[in-house]
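To start, the structure under review is shown below, and the notes come after it.
Every chain is numbered from 1, with letters handed out A, B, ... down the list of sequences. Given the structure is predicted, the values throughout are model-derived calculations rather than measurements.
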Protein chains: 4
Amino acid sequence: MTKKENILQAAARLFARQGFDGTTTLQIASEAGVTEPLIYYHFTGKDEVFTSILKAGFDKYWVRIKALENLSGGAFSRVEKLISTHFSVVDEMPAEAFLIISACPAKLNDPDHLCRKIVEKQQKWISGYLRRCIKDGIASGEFVPMPIAPTVDTLSALINGTMRRRVLRLEQSKTTKEACIAFCKRALCA
Amino acid sequence: MTKKENILQAAARLFARQGFDGTTTLQIASEAGVTEPLIYYHFTGKDEVFTSILKAGFDKYWVRIKALENLSGGAFSRVEKLISTHFSVVDEMPAEAFLIISACPAKLNDPDHLCRKIVEKQQKWISGYLRRCIKDGIASGEFVPMPIAPTVDTLSALINGTMRRRVLRLEQSKTTKEACIAFCKRALCA
Amino acid sequence: MTKKENILQAAARLFARQGFDGTTTLQIASEAGVTEPLIYYHFTGKDEVFTSILKAGFDKYWVRIKALENLSGGAFSRVEKLISTHFSVVDEMPAEAFLIISACPAKLNDPDHLCRKIVEKQQKWISGYLRRCIKDGIASGEFVPMPIAPTVDTLSALINGTMRRRVLRLEQSKTTKEACIAFCKRALCA
Amino acid sequence: MTKKENILQAAARLFARQGFDGTTTLQIASEAGVTEPLIYYHFTGKDEVFTSILKAGFDKYWVRIKALENLSGGAFSRVEKLISTHFSVVDEMPAEAFLIISACPAKLNDPDHLCRKIVEKQQKWISGYLRRCIKDGIASGEFVPMPIAPTVDTLSALINGTMRRRVLRLEQSKTTKEACIAFCKRALCA
DNA sequence: GATGAATGAGTGTTCATTCAT
DNA sequence: TATGAATGAACACTCATTCAT
């Protein structure tokens with residue numbers, strides 16, 4: 001593993017545990033087994049390290065998400081896939097998920113920051129995906145009639161909240177995923 | 001308004017906009033129209049200022065929530081009340097809601113910090129409330145049969161995610177509240 | 001006891017335990033059961049509190065010392081009296097003794113500060129007293145011949161070191177006083 | 001000279017002149033011709049700077065003292081060596097001597113602080129050395145009979161007080177050293 | 001006499017970042 | 001690539017002191 005990768009891994013661990021502001025460049029360097037200036041050789045600064053990690057994490061996530069686009073099958077099975085994918089994502093990349101969800105609250109207020117842009121891009125994509133599912137479902141009679149936009153909001157919120165609770169380890173049951181899907185099925189399907 | 005209240009208000013504004021670490025005591029003092037040492041006369045430090053605001057916000061929220069405890073009526077109407085109360089809370093105290101949800105990510109990892117304790121207390125209460133509603137609903141035949149614990153997780157996540165999206169202004173529809181309630185009704189009721 | 005006396009007592013305790021710089025006016029006020037501004041009502045500032053204590057301690061000491069001036073008796077018995085008086089002083093007013101010996105090191109460098117002046121006055125008086133004793137002793141044949149000035153220095157140092165060790169609780173024997181006197185007797189007497 | 005050494009020298013000068021609490025890190029940096037943060041690059045803080053100086057001074061002193069251990073010769077000549085070594089030490093390293101004696105009064109009260117430990121170590125070694133001398137001297141008949149422990153206290157006090165007076169420039173004679181040794185000879189020798 | 005509220009001037013310390021090599 | 005040394009700019013916090021009452 002290159003030293004650059006060392007830096008990224010160490011930083012990811014530390015950002016996830018302590019947040020962006022709570023992590024110093026010295027800690028990152030120590031944890032990575034390098035000296036501080038090397039961080040500035042490979043990155044423009046602490047912020048770019050953070051952004052790189054975020055971007056890498058998001059890219060991995062994005063690949064998973066994009067794979068859903070060409071899915072065939074019924075409307076609900078596509079909703080179900082979206083939900084179960086998000087459960088998997090948290091399990092497979094908890095540090096990155098924590099970062100996106102929790103490490104940069106102040107940056108979320110800055111409309112120009114990558115952090116905000118990532119969240120918006122993700123939300124937009126999920127909204128589009130869900131909108132299409134729901135439209136199709138209603139059209140085909142698989143779903144009961146319902147207003148589309150606010151239902152998209154509701155499902156987005158459910159996914160968002162589920163990830164957050166899972167990342168923060170607030171969940172109390174082991175079968176939340178199945179119950180969540182069943183819950184949505186009853187809410188959506190005719 | 002006393003200078004102490006000035007400090008609290010200024011700090012609340014700044015913490016909400018910039019996060020805890022992004023806000024300096026000098027900024028708080030300036031914004032409040034006082035000198036820095038006065039912060040230390042009225043509070044033990046920056047952390048206590050934050051904690052005071054958090055606690056005050058949570059207390060207001062807690063009053064609203066506790067009022068639901070003695071609610072009579074059907075199981076779903078009690079669930080509905082819980083949901084709509086949370087929508088109202090975000091609208092009525094957005095700064096405080098933002099603080100609880102987003103300003104102290106690192107503190108959420110510290111099990112001894114008030115921040116974490118508040119979240120846990122809130123989650124615990126909501127879980128208990130929902131558990132009772134669902135049990136009652138199933139027993140009376142108002143709800144379809146369903147596993148209780150994971151459904152509680154699901155509903156908690158929905159509320160959590162809804163608040164978060166609303167606080168971060170990610171919602172896209174004006175009728176999300178109604179759709180959310182209708183969604184749950186279909187998911188729960190027989 | 002008046003509040004002014006309370007302040008002085010509290011301050012004396014704290015200065016002895018923590019030194020001048022290590023003691024805050026707030027600590028003094030708390031320990032004295034008053035508020036800080038009262039200190040400034042009764043004294044011009046922290047320095048005057050310290051100076052007052054020092055002066056009071058020194059005055060008590062001075063009375064004891066001055067009483068030796070009119071002592072009749074042999075040369076050595078007067079030296080002995082001086083030594084045993086200093087042992088008593090440490091035992092009877094340890095806090096004040098500690099203050100003079102140890103609480104204001106930086107102030108000892110300032111020739112204008114009371115602290116330095118007190119030490120000089122004390123040293124001067126002791127020197128004068130010892131000089132007279134030794135002169136008389138040599139003249140009367142009670143003492144062996146010896147150079148006066150450096151012997152005065154030596155005896156002063158012995159008294160100084162003895163007080164210091166006693167104040168700092170470095171002494172290891174219970175009969176140091178007697179041995180010290182016997183030591184001097186052998187060194188001085190014919 | 002390296003900048004680290006600059007810092008140590010500047011700090012030593014300032015601590016000796018103004019005491020520990022009276023010296024600021026900014027003063028040290030200015031006097032050393034460096035910026036404040038460099039102090040924190042080379043040391044963990046102001047306290048470690050002080051401790052380093054103290055330790056270095058004590059180490060130099062300790063070498064001188066330890067050299068006395070293997071001294072051959074009569075009991076009194078060994079006592080004499082101890083005394084004259086202490087006179088030399090003050091003359092050769094007055095700043096360090098002042099530090100040990102006078103710059104950290106509050107720290108002397110803290111049993112865990114290096115300051116106290118150094119004083120105790122020194123006192124212990126001197127006590128042991130003197131005890132052996134006196135025992136030997138009495139056994140060989142070179143010294144008059146006398147109680148050992150309190151005489152050790154007395155000689156320790158004499159050395160202590162002599163150093164202190166010399167450091168604080170309270171001595172009045174140029175031949176104090178010789179008189180002090182002669183004084184002890186009369187007190188000890190048969 | 002006595003105090004609650006307030007402050008000017010610092011204090012030790014930290015940290016992201018840079019420079020010389 | 002890589003680092004030891006160094007720093008500008010800030011930071012949370014403290015303290016002796018004062019003011020209005």
In Å, rounded to the nearest 0.5 Å, how long is the span from CD1 of A:Ile53 to CZ of A:Phe43?
-> 7.5 Å
E:dA6 OP1/OP2 closer than 4.0 Å to side-chain N/O of B:Tyr41 = no
Sugar-phosphate atoms are those with a prime plus P, OP1 and OP2; base atoms are the rest. Using that split, label each nucleotide of nucleotides 11-16 of chain F B, S or - for protein heavy atoms under 4.0 Å, 5' to 3'.
-> SBBBBB
Could A:Asp112 and A:Arg116 be called an ion pair, given the rule that one side-chain N must be under 4.0 Å from one carboxylate O?
-> no
Are any non-hydrogen side-chain atoms of D:Lys121 and D:Lys117 less than 4.5 angstrom apart?
-> no
Using a 4.5 Å cut-off on heavy atoms from C-beta on, say whether the side chain of C:Leu168 contacts that of C:Phe98.
-> yes
Can you run through DNA chain E from 5' to 3' and write each base as (, ), [, ], | or . depending on how it pairs? Watson-Crick or G-U wobble, both distances under 3.5 Å.
-> .||||||||||||||||||||
Which class fits the ring pair A:Phe20 and A:Phe50: parallel under 30°, tilted 30 to 60°, perpendicular over 60°?
-> perpendicular
Distance test, side-chain N/O of D:His42 to OP1/OP2 of F:dA6, below 4.0 Å = yes
What one should report as the nearest heavy-atom pair of D:Ala11 and D:Val49 is CB-CG1, 3.5 Å
Separation between the C1' atoms of E:dG1 and F:dA20, rounded to whole Å = 15 Å
Return the value, rounded to whole Å, for the distance between atom CD1 of D:Ile28 and atom C1' of F:dT7.
-> 17 Å
Could you tell me whether the side chain of A:Glu48 and the main chain of A:Thr44 form a donor-acceptor pair under 3.5 Å?
-> yes
Taking NZ from A:Lys3 and C1' from F:dT3, how many angstroms apart are they, rounded to a whole number?
-> 10 Å
CD1 of C:Ile39 versus P of F:dC19: gap in Å, rounded?
-> 17 Å
Taking CZ from D:Phe50 and P from E:dT11, how many angstroms apart are they, rounded to a whole number?
-> 18 Å
Earlier contact from the 5' end, DNA chain F, for A:Thr35 and D:Lys4 | A:Thr35
Just one of B:Thr25, B:Thr51, B:Ile39, B:Thr24 clears the side chain to side chain contact (heavy atoms under 4.5 Å, CB included) bar with B:Lys46, so which one?
-> B:Thr25
What integer distance in Å separates D:Leu38:CG from E:dA16:P?
-> 18 Å
Decide yes or no for C:His113 and C:Asp47: does some side-chain heavy atom of the first lie under 4.5 Å from some side-chain heavy atom of the second?
-> yes
